[in-house]
Amino acid sequence: MKHLLKMLDLSTEEITEILDLADQLKYELKHGIPHPHLKGKTLGMIFQKASTRTRVSFETGMYQLGGYPLFLSSNDLQIGRGEPVQDTARVLSRYLSGIMIRTFEQKEVEDLAEYGSIPIINGLTDFCHPCQVLADLMTIREFKGKLEGLKMCFIGDGNNMANSLIVGCLKMGMAVSVACPDDYQPPKEILDFAAGYDCFELTNSPEQAAKDADVLITDVWASMGQEGEAEKRRKAFAGYQINDGLMSVAKADAMVLHCLPAHREEEITEKVFEAHAKEIFEEAENRLHAQKAVMVKLMA
Ligand code: CP
Ligand code: NVA
């Protein structure tokens with residue numbers, strides 16, 4: 001494993017190794033056991049979109065590992081004025097030990113990896129959000145004790161979260177059921193991958209998708225960059241909400257996850273959100289541990 005660009009690139013074994021290491025690093029942090037695996041290393045963090053969790057968890061995580069994080073806003077980098085990513089990659093590779101990037105196009109992340117010579121970590125693109133899904137898998141395993149054989153249901157937009165969840169959960173032996181409006185299905189690349197699995201289902205019925213689910217997950221109706229479509233999307237996604245009605249068709253002990261930020265009373269009701277706050281905020285915490293594991297795997 002040289003980079004973390006998308007879940008499609010990871011094997012089941014690699015995902016398991018990251019989750020195991022993340023559990024260990026979480027234990028060490030909670031018990032005050034130092035783990036300076038990245039002493040003397042530097043991580044550049046390029047952000048072309050807003051972030052609370054990704055920025056703070058990578059920055060803190062790098063510090064806890066003994067390394068040094070650099071926050072690089074695209075507003076301040078020459079990349080924001082049009083310097084090609086190919087050149088940025090070759091320059092930054094001479095200063096840094098690794099790069100985390102959050103941007104729009106997946107191609108930009110893939111180009112950084114191709115032209116640079118250091119590990120690249122995808123901190124979210126329009127196509128996928130692998131760091132989040134590693135934290136989600138870690139959280140499911142923590143609460144349920146296993147992944148294999150569980151059913152994950154995703155409700156809402158066939159977006160970056162849906163894409164990474166479909167791939168990550170299927171690779172870990174879970175059944176996956178996705179409910180989205182017909183015009184907002186995941187892209188062909190993801191559906192082609194999922195077509196290889198009998199335990200994958202795509203429907204426009206949230207009730208059908210949620211039936212007997214062990215884990216229900218949703219995400220915002222309008223992602224970063226889609227603010228102009230918010231009104232149109234509010235109409236298209238009406239009904240694609242995790243609420244008490246939907247919870248009643250899932251397993252009685254079903255857990256609920258949300259990558260955050262959440263829009264209460266849109267994709268999830270306040271009531272369900274607060275009833276499952278324990279899982280949702282553990283999930284947010286696990287970003288830290290999962291990403292530290294990724295950085296150690298790639299950069300130590
Ligand atoms: N879930 C997530 O990636 O959060 P941020 O946008 O705050 O980083
Ligand atoms: N789908 C959301 C996820 C935010 C973490 C977005 O891209 O804005």
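Heads up: numbering here begins at 1 and tracks the sequence. In each ligand, atom 1 is the first atom listed, and ligand 1 is the first ligand listed.
Ligand 1 lies within reach of L260, whose nearest heavy atom is under 4.0 Å from it. For the pair K49 and ligand 1, no heavy-atom separation below 4.0 Å is found. Distances from ligand 2 to the non-hydrogen atoms of L260 include at least one value under 4.0 Å. For the pair R55 and ligand 1, no heavy-atom separation below 4.0 Å is found.
Atom 4 (O) of ligand 1 has its closest protein heavy atom at R53 NE, 2.8 Å. Given atom 7 (O) of ligand 1, the protein heavy atom at minimum distance is T52 N, 2.6 Å. Considering only non-hydrogen protein atoms, atom 2 (C) of ligand 1 sits nearest to R287 NH1, 3.2 Å. Here the protein heavy atom with the shortest distance to atom 6 (O) of ligand 1 is R102 NH1, 2.8 Å. Of the protein's non-hydrogen atoms, the one nearest atom 8 (O) of ligand 2 is M224 N, 2.8 Å. Here the heavy atom of the protein found nearest to atom 3 (C) of ligand 2 is D219 OD2, 3.6 Å.
Comment: K144 does not engage D214 in a salt bridge, judged by the lack of any side-chain N to carboxylate O separation of less than 4.0 angstrom. Of the charged side-chain nitrogens involved, none lies within less than 4.0 Å of a carboxylate oxygen, so that D9 and K2 do not count as a salt-bridged pair. With salt bridges taken as basic N to acidic carboxylate O contacts below 4.0 Å, one links E285 and K30. Note on R141 versus D20: salt bridge recorded, some NZ/NE/NH1/NH2 to OD/OE distance being below 4.0 Å. A salt bridge does not link K107 with E110: none of the charged nitrogens is closer than 4.0 Å to a carboxylate oxygen. By the 4.0 Å N-to-carboxylate-O rule, K26 lies close enough to E142 to be salt-bridged with it.
Residue contacts with ligand 2: K49 is placed with no nitrogen or oxygen under 3.5 Å of a nitrogen or oxygen of the ligand (distance criterion only). Taking distance alone, with nitrogen or oxygen atoms compared against 3.5 Å, H129 stays at or beyond that limit from ligand 2. Residue-to-ligand polar distances keep C259 apart from ligand 2: every N/O pair is separated by 3.5 Å or more. Considering backbone and side-chain atoms alike, R102 places every N or O at 3.5 Å or more from each N or O of ligand 2.
For the side-chain hydrogen bond (donor to acceptor under 3.5 Å, both in side chains) criterion with H258, the lone passing option out of H276, E283, E267 is E267. Partner of L10 under the side-chain contact (heavy atoms from CB on, under 4.5 Å) criterion, chosen from L4, V167, V133: L4.
Atom numbering of ligand 2 starts at 1 in the shown order; those under 4.0 Å from a heavy atom of N159 are 1 (N). Ligand-side atoms of ligand 2 in range of N160: 1 (N), 2 (C), 6 (C), 7 (O), range being under 4.0 angstrom from any heavy atom. Every atom of ligand 1 is numbered from 1 in the order shown, and the set under 4.0 Å from a heavy atom of C259 is 1 (N). Of all the atoms in ligand 1, the ones that sit under 4.0 Å from a non-hydrogen atom of H129 are 2 (C), 3 (O).
Using a 4.0 Å cut-off between heavy atoms, L124 contacts ligand 2 through its side chain alone, with no backbone atom that close.
Proximity of T54 to Q132: side-chain heavy atoms (C-beta onward) are nowhere separated by under 4.5 Å.
Note: F193 and Y197 have tilted aromatic rings, judged against thresholds of 30 and 60 degrees for the angle between ring planes.
Between Q106 and N122, the side chains place a donor N or O and an acceptor N or O closer than 3.5 Å (distance only, hydrogens not considered).
Between R264 and F273 the shortest heavy-atom distance is NH2-CE2, 3.0 Å.
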